[in-house]
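Residues: numbered from 1 along the sequence shown. When reading the values below, keep in mind they use all heavy atoms of this one structure, side chains included, and skip hydrogens, waters and symmetry mates.
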Amino acid sequence: MNRRWQGITSCVLVVNLLAFTAWGGMDGSQCGGKGQAPCTVCGDAPSFIIAAEAAAQCKEPAEPMCEPGLVPNKEGNRCDEVPPPGGGLVRRGSDSNISVGKISTSNPTLWINIATFAAYIISTSHPGGNDPWIPVNQFCSVLTLEWLRARNQGQPPQPYGLSRFSAQEQIGMAQMLINYNSLNDQTTTAANVLGGTVVDRETVINTLELNGYPEGTQIWAGNDVHVVGFYVRQGGIELYDSNTGDTTSFPTNRFRQEVEQRGLNSFVVREGVGGKKCGGWKGGCCVIC
């Protein structure tokens, strides 16, 4: 069986939508072509994250911009007429084909109808019915970004999950998932949104263990199946896991253990501004200079 059809639910894209979708603005519009708006203003984004993602997606489109009424072909080397409903390419980024179903968990799943590749639904469990739905992705990557931003401004409510956002914001987040094609895509978006830096695993661990990041540092960390968030505070680290929506705390000297147990291998770090660095460690806690 082709791996793209495996029914695996994770926070990294299961279905490679590039083979079936045409590139466009976050609101479904295309941009950057003749007579079209510049790519940096594609659509009205429902949140800061979506706006940042729209700008990132528009910088270097992977497929050619086409005139209205045309879409790139599968090879991405010419523009063809829009195919009839039920077949051919599906335009990416439109919110008109994304609906919100029953959500009973903090990190639900985005599903796609593989009969047409033109309908998506956000739902905790399989949408049911006679239509062939398969999971595309979960929301851990974008939820972690939102939690890190919220934590930087105060103490987010718990549990912190997708249900706390409006339907419009949920659909906007789903649009981000549709545009992802790899963990690298998600990591790049995290760096853009947080204004952080992509850092390798040992650098993150060693910095915390030897020198320490300033209080308020945000760490987005993921692997091929999940993404979590770390927030450095005085006396330790907070961990956010979207699967539960909850935050837990642990001493900094347990960070390596947490990273290794979770198999995290992709990191984005946004250092805290104006915080104090650790002058050393005592009992697993930071000794502030």
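Side-chain contact between Asn137 and Thr109 is absent, with no heavy-atom pair separated by less than 4.5 Å. Arg262 is listed as a side-chain neighbour of Asp241, based on a closest heavy-atom distance under 4.5 Å. No side-chain heavy atom of Glu209 sits under 4.5 Å from any side-chain heavy atom of Asn253. Counting heavy atoms from C-beta outward, Phe230 and Glu238 have side chains that stay 4.5 Å or more apart. Taking 4.5 Å as the limit, every side-chain heavy atom of Ile112 sits out of range of all side-chain heavy atoms of Ile121. Between Tyr213 and Leu208 there is a side-chain heavy-atom pair separated by less than 4.5 Å. Contact of the Arg270 side chain with the Thr217 side chain is not registered, since no non-hydrogen atoms from C-beta on lie closer than 4.5 Å. Counting heavy atoms from C-beta outward, Tyr180 and Val142 have side chains that approach closer than 4.5 Å.
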Can you list the steps and then say if Ile122 with Ile103 is a side chain to side chain contact (heavy atoms under 4.5 Å, CB included)? CA-CA 8 Å; Ile122 303 168; Ile103 300 176; 3.9 Å; yes

Working note: Asn152 + Leu148, criterion side chain to side chain contact (heavy atoms under 4.5 Å, CB included); need CA distance, chi angles, decisive distance, verdict. CA-CA 6 Å; Asn152 203 43; Leu148 286 170; over 6 Å; no

Quick one, Glu258 with Ile237, criterion side chain to side chain contact (heavy atoms under 4.5 Å, CB included). Give me CA distance, side-chain angles, the key distance, then yes/no. CA-CA 11 Å; Glu258 290 288 339; Ile237 296 177; over 6 Å; no

Worked verdict on Thr197 versus Val269 for side chain to side chain contact (heavy atoms under 4.5 Å, CB included): CA-CA 5 Å; Thr197 304; Val269 176; 5.6 Å; no

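Scored by the side-chain contact (heavy atoms from CB on, under 4.5 Å) test, Ser166 finds Gln168, Glu169 as partners (sequence neighbours excluded).
Look at Arg254 and Glu260 and you find no salt bridge, because none of the NZ, NE, NH1 or NH2 atoms lies under 4.0 Å from a carboxylate O. Salt-bridge annotation for Glu146 and Arg151: absent, with no side-chain N of the basic residue lying under 4.0 Å from a carboxylate O of the acidic one.
Nearest heavy-atom pair, Thr252 versus Gly236, reported as atom, atom and distance to 0.1 Å: OG1-CA, 3.6 Å. Nearest heavy atom pair, residue Ala118 against residue Asn97, reads O-CB, 2.9 Å. The nearest pair of heavy atoms linking His126 to Asp131 is CE1-O, 4.4 Å. Residues Phe139 and Pro108 come closest through the heavy atom pair CD1-O, 3.4 Å. Considering every non-hydrogen atom in both Asn107 and Gln138, the closest pair reads O-NE2, 2.8 Å. For the residue pair Gln158 and Thr247, the shortest heavy atom distance occurs at OE1-N, 2.8 Å.
Of the N and O atoms on the side chains of Asn223 and Asn265, not one donor lies less than 3.5 Å from an acceptor on the other residue. Residues Ser141 and Gln186 bring a donor and an acceptor atom of their side chains to less than 3.5 Å of each other. Side-chain N/O atoms of Ser106 and Ser242 include no donor and acceptor closer than 3.5 Å. Arg233 and Ser249 are linked by a side-chain donor-acceptor pair at a separation below 3.5 angstrom, with hydrogens and angles left out of the test. Asn192 and Thr189 share no side-chain donor-acceptor pair at under 3.5 Å.
When atom types are taken as modelled, the side chain of Gln170 and the backbone of Phe165 share a donor-acceptor pair closer than 3.5 angstrom. Although no hydrogens or angles enter the test, the distance criterion places a donor-acceptor pair under 3.5 Å between the side chain of Asn113 and the main chain of Ala115. A side-chain donor-acceptor contact under 3.5 Å links Ser123 to the backbone of Ser125. With hydrogens and angles disregarded, no donor-acceptor distance shorter than 3.5 Å links the side chain of Gln234 to the backbone of Glu215. Side-chain atoms of Asp185 come within 3.5 Å of backbone atoms of Asn181 as a donor-acceptor pair (strictly under, hydrogens ignored).
Ile205 contributes atom CD1, which lies 9.0 Å from atom CG of Leu264 (distance to the nearest 0.5 angstrom). Atom CG in Leu162 sits 11.5 Å away from atom SG in Cys140 (nearest 0.5 Å). Atom CG of Asn243 is separated from atom NE2 of His226 by 4.0 Å, given to the nearest 0.5 angstrom. Distance check, rounded to the nearest 0.5 Å: CE of Met173 to CG of Leu145 gives 9.0 Å. A distance of 6.5 Å separates CD1 in Ile171 from CD1 in Ile98, rounded to the nearest 0.5 Å. Distance check: Thr207 OG1 to Glu202 CD gives 10.5 Å after rounding to the nearest 0.5 Å.
The side-chain contact (heavy atoms from CB on, under 4.5 Å) test with Phe267 singles out one residue from Val198, Thr187, Val204, and that residue is Val204.
Note: Tyr240 and Tyr231 fail the aromatic proximity criterion, with ring centroids not under 6.0 Å apart.
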